[in-house]
Enquirer: 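This is the structure, below, for whatever I ask next.
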Amino acid sequence: MKAIIYAGIGLFAAASVYGVVDYYNTKSKGTLDKMYKEEEPLVTVKKETAPAPLPTTTEIKATTLNTTTDAVKKESKKVKVRRIKFDDFSRGRIMPEMTIEKEIKADSTVTTKGNR
Amino acid sequence: MHNSRQLTLQSSIHYFFTALFWIPVVFFSLLLVKNTLPYFTFSQGFIFIEERALLFLKPIYKFSFYSHILAGMFCIIAALTQFSSYILKKRKAVHIWMGKIYVTVVIVVGAPTGLYMSFFAKGSFWERVLFMFMAMYWFYSTVKGLQAIKGKNILAHKNWMIRSYSMAMTAVTFRIYHILFYYFGVGHLHNYEISLWISVLGNMLIAEYFIFRKSRSYLKTFTT
């Protein structure tokens with residue numbers, strides 16, 4: 001068992017010396033801060049629609065007021081859903097299992113009648 | 001009659017809490033082993049490896065990583081048998097051989113490779129220091145545990161091995177915290193750092209609590 005302890009001490013010392021040397025080499029090359037991938041930003045995707053014919057000036061005037069709300073209506077958002085799997089039991093980054101599309105409605109106020 | 005009933009109740013409570021502690025420990029340890037096995041296909045398609053793609057270009061890092069996870073698997077499996085009083089009493093040879101595997105693997109493979117990889121660990125400077133501390137403490141506590149049993153000091157052996165196992169188990173507890181914080185919406189890097197600190201310090205505190213509970217002169221456990 002003494003041999004194991006001595007071997008361990010030797011390996012431990014070698015690992016620390018090599019680690020320091022390798023660390024400073026990497027630092028001097030300037031790659032130390034780029035070792036890990038950057039986090040990807042949350043993606044917002046617009047629904048693709050068929051290209052419409054160019055409107056006339058009068059049509060533009062008429063539709064100006066509704067442009068904002070229509071744009072919001074057409075926009076859809078990818079939402080990351082947090083679901084835990086057994087595979088996520090790791091040191092790696094946990095990726096959202098799936099993305100779902102949610103349509104954002106401009107006017108979501110709905111009047112409902114109660115059942116009486 | 002009253003006394004025997006009280007004893008039965010006490011032992012039932014004891015078994016209940018023992019099971020409450022060990023069932024999750026065994027389950028998550030086996031889950032860790034199960035999730036580690038696919039890495040030995042040497043595929044580069046794992047998120048953990050993709051994140052460290054540049055590091056994996058270094059042959060020594062790659063070698064350290066695979067040695068470290070192999071060592072970790074052996075440690076986790078070997079350590080599971082070491083705290084069973086049944087194995088210790090009825091199958092002492094199993095305890096001795098598993099202990100030898102654990103000690104050899106930690107001292108020769110797990111701790112040195114862990115120390116090398118700690119220089120390039122994810123997070124800030126302090127996370128790297130924490131990983132270095134973990135490797136050193138894991139190595140030191142295992143060596144002390146081995147020396148204690150060679151000197152027939154069973155109590156000191158138990159105490160140092162609890163400390164050593166607490167460091168081995170940071171791999172398991174880190175993953176539990178990591179998932180919990182992810183579930184509560186903590187960002188990836190913060191989650192990684194918080195989980196790391198809580199797992200290391202938390203495991204050390206739990207280990208010291210177990211030792212404190214059993215040792216009459218607690219402070220002496222560090223010098224024996």
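A note on names: the letters A, B, ... follow the listed sequences, proteins ahead of strands, and every chain is numbered from 1. Remember, predicted model here, so these are calculated numbers, not experimental data.
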Enquirer: Step through the shown structure and confirm whether more than 12 heavy atoms of other residues, nucleotides or ligands are within 6.0 Å of CH2 on B/W22.
Expert: yes
Enquirer: Could you tell me whether the side chain of B/H188 reaches within less than 4.5 Å of the side chain of A/I94, counting heavy atoms only?
Expert: no
Enquirer: Would a 4.5 Å heavy-atom cut-off, applied to side chains only, mark B/H178 and A/R91 as touching?
Expert: no
Enquirer: Where on B/I176 is there a heavy atom nearer than 4.5 Å to chain A: the side chain, the backbone, both, or neither?
Expert: both
Enquirer: Working to the nearest 0.5 angstrom, can you tell me the gap between A/L11 CG and B/F139 CZ?
Expert: 8.5 Å
Enquirer: Does CZ in B/F63 sit with more than 12 non-hydrogen atoms of other residues, nucleotides or ligands closer than 6.0 Å?
Expert: no
Enquirer: Going by heavy atoms in the side chains, are A/D22 and B/Y116 under 4.5 Å from each other?
Expert: yes
Enquirer: Check whether any side-chain heavy atom of A/Y23 sits under 4.5 Å from a side-chain heavy atom of B/R128, and report yes or no.
Expert: yes
Enquirer: Given 3.5 Å as the limit, does a donor-acceptor pair link the side chain of B/N35 with the main chain of A/F89, or not?
Expert: yes
Enquirer: Of the backbone (N, CA, C, O) and the side chain (C-beta and beyond), which part of B/F46 lies under 4.5 Å from a heavy atom of chain A, both, or neither?
Expert: neither
Enquirer: Heavy-atom count around B/F27 CZ within 6.0 Å, excluding the residue itself: above 12?
Expert: yes
Enquirer: Do A/I4 and B/K100 come close enough that some side-chain heavy atom pair is under 4.5 Å?
Expert: no
Enquirer: For B/M136, is it the side chain, the backbone, both or neither that has a heavy atom under 4.5 Å from a heavy atom of chain A?
Expert: both
Enquirer: Which atoms of A/V17 come close to chain B, meaning under 4.5 Å heavy atom to heavy atom: side chain ones, backbone ones, both, or neither?
Expert: neither
Enquirer: What part of B/V106 gets within 4.5 angstrom of chain A, counting heavy atoms only: side chain, backbone, both, or neither?
Expert: neither
Enquirer: Within the supplied structure, the quantity of interest is the number of heavy atoms (other residues, nucleotides, ligands) at a distance under 6.0 Å from B/F17 CZ; does it exceed 12?
Expert: no
Enquirer: Identify which part of B/L31 has an atom lying under 4.5 Å from any heavy atom of chain A, answering side chain, backbone, both or neither.
Expert: both
Enquirer: Of all heavy-atom pairs between B/P112 and A/G8, which one has the smallest distance, and what is that distance?
Expert: CG-O, 4.5 Å
Enquirer: Taking everything shown except B/Y183 itself, do over 12 heavy atoms lie less than 6.0 Å from its OH?
Expert: no
